[in-house]
**Q** 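I have a structure here, written as structure tokens, and I will follow up with some questions on it.
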Amino acid sequence: PLASEQENDDDNPEALDERHEGTQHMTNKPTSSDDAPRVTKSDEEWRKTLTPIQYKVTRQKGTERAFTGEYWDNKADGIYHCVCCGEPLFDSTTKYESGTGWPSFYQPYAEENVKTEEDNGWFSTRTEVLCRNCDAHLGHVFPDGPQPTGLRYCMNSASLKFSERDETDKPAKTEKK
């Protein structure tokens with residue numbers, strides 16, 4: 001099981017910084033995949049910058065066990081970025097409880113930040129979701145989500161890195177008269 005392979009270095013800021021050395025700084029500001037440089041690394045480089053579970057999920061198209069990932073029940077306000085390159089992928093305002101045990105969203109942060117491909121594994125045809133900037137496997141999208149899109153982007157926590165929204169990212173409050 002992949003979840004048992006997960007190293008818990010996320011509580012150690014030094015290990016986290018070392019693991020993500022050379023990746024883009026994660027910001028909550030929108031970016032466009034067309035403007036960002038495409039991230040390409042060798043297999044050896046990916047292994048050095050990712051934990052074993054992150055590598056298995058993002059580079060080998062693995063899946064973490066349900067209800068074991070770091071973000072399946074995260075309720076904090078912020079942005080979910082690609083763990084490999086820092087691209088903003090999902091906003092917490094589009095996250096919902098799907099009952100599946102994986103973080104689920106009804107739309108990506110920006111359509112241009114993700115791409116989809118047909119996945120014919122596991123004896124069925126599904127739609128795989130990848131980071132457009134670095135080709136990291138994120139999860140799958142299904143047509144059984146809530147409105148307004150009717151989609152369920154079912155993502156692996158191991159493919160994501162969450163950053164809380166700071167004051168500059170929050171909408172301006174208007175005073176009541």
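All of these numbers come straight from a predicted model, not from anything done at the bench.
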**Q** Applying salt bridge (charged side-chain N to carboxylate O under 4.0 Å, His left out), can you list everything that pairs with Asp91, at least two apart in sequence or on another chain?
**A** Arg165
**Q** Mind checking what makes salt bridge (charged side-chain N to carboxylate O under 4.0 Å, His left out) contact with Glu111, not counting sequence neighbours?
**A** none
**Q** Exactly one of Phe90, Phe105, Tyr109, Trp72 should register a ring pair (Phe, Tyr, Trp, His ring centres under 6.0 Å) with Tyr80. Which one does?
**A** Phe105
**Q** What orientation do His140 and Phe142 show, parallel under 30°, tilted 30 to 60°, or perpendicular over 60°?
**A** tilted
**Q** So, do Tyr55 and Trp46 have ring centers that fall under 6.0 Å from each other?
**A** no
**Q** The criterion is salt bridge (charged side-chain N to carboxylate O under 4.0 Å, His left out); which residues satisfy it with Arg152, sequence neighbours excluded?
**A** Asp144
**Q** Suppose we screen for side chain to side chain contact (heavy atoms under 4.5 Å, CB included). Which residues come up paired with Asp73, at least two apart in sequence or across chains?
**A**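 Once residues adjacent in sequence are excluded, the partners of Asp73 under the side chain to side chain contact (heavy atoms under 4.5 Å, CB included) criterion are Lys75.
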**Q** How long is the span from the NZ atom in Lys95 to the CE atom in Met155, to the nearest 0.5 Å?
**A**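 It is 12.0 Å, given to the nearest 0.5 Å.
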**Q** Could you give the distance from CG (Leu138) to CZ (Arg132), rounded to the nearest 0.5 Å?
**A**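 It is 11.5 Å, given to the nearest 0.5 Å.
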**Q** State which residue, out of Thr58, Thr51, Leu160, fulfils the side-chain contact (heavy atoms from CB on, under 4.5 Å) condition with Val83.
**A** Thr58
**Q** Only counting residues at least two apart or in another chain, list the ones meeting side chain to side chain donor-acceptor pair (under 3.5 Å) with Tyr153.
**A**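 Listed in chain order: nothing, the list is empty.
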**Q** May I ask you to list the residues sharing a hydrophobic cluster with Leu130, side-chain cutoff 4.5 Å, ordered by chain and number?
**A**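 Same cluster as Leu130: nobody, lone residue.
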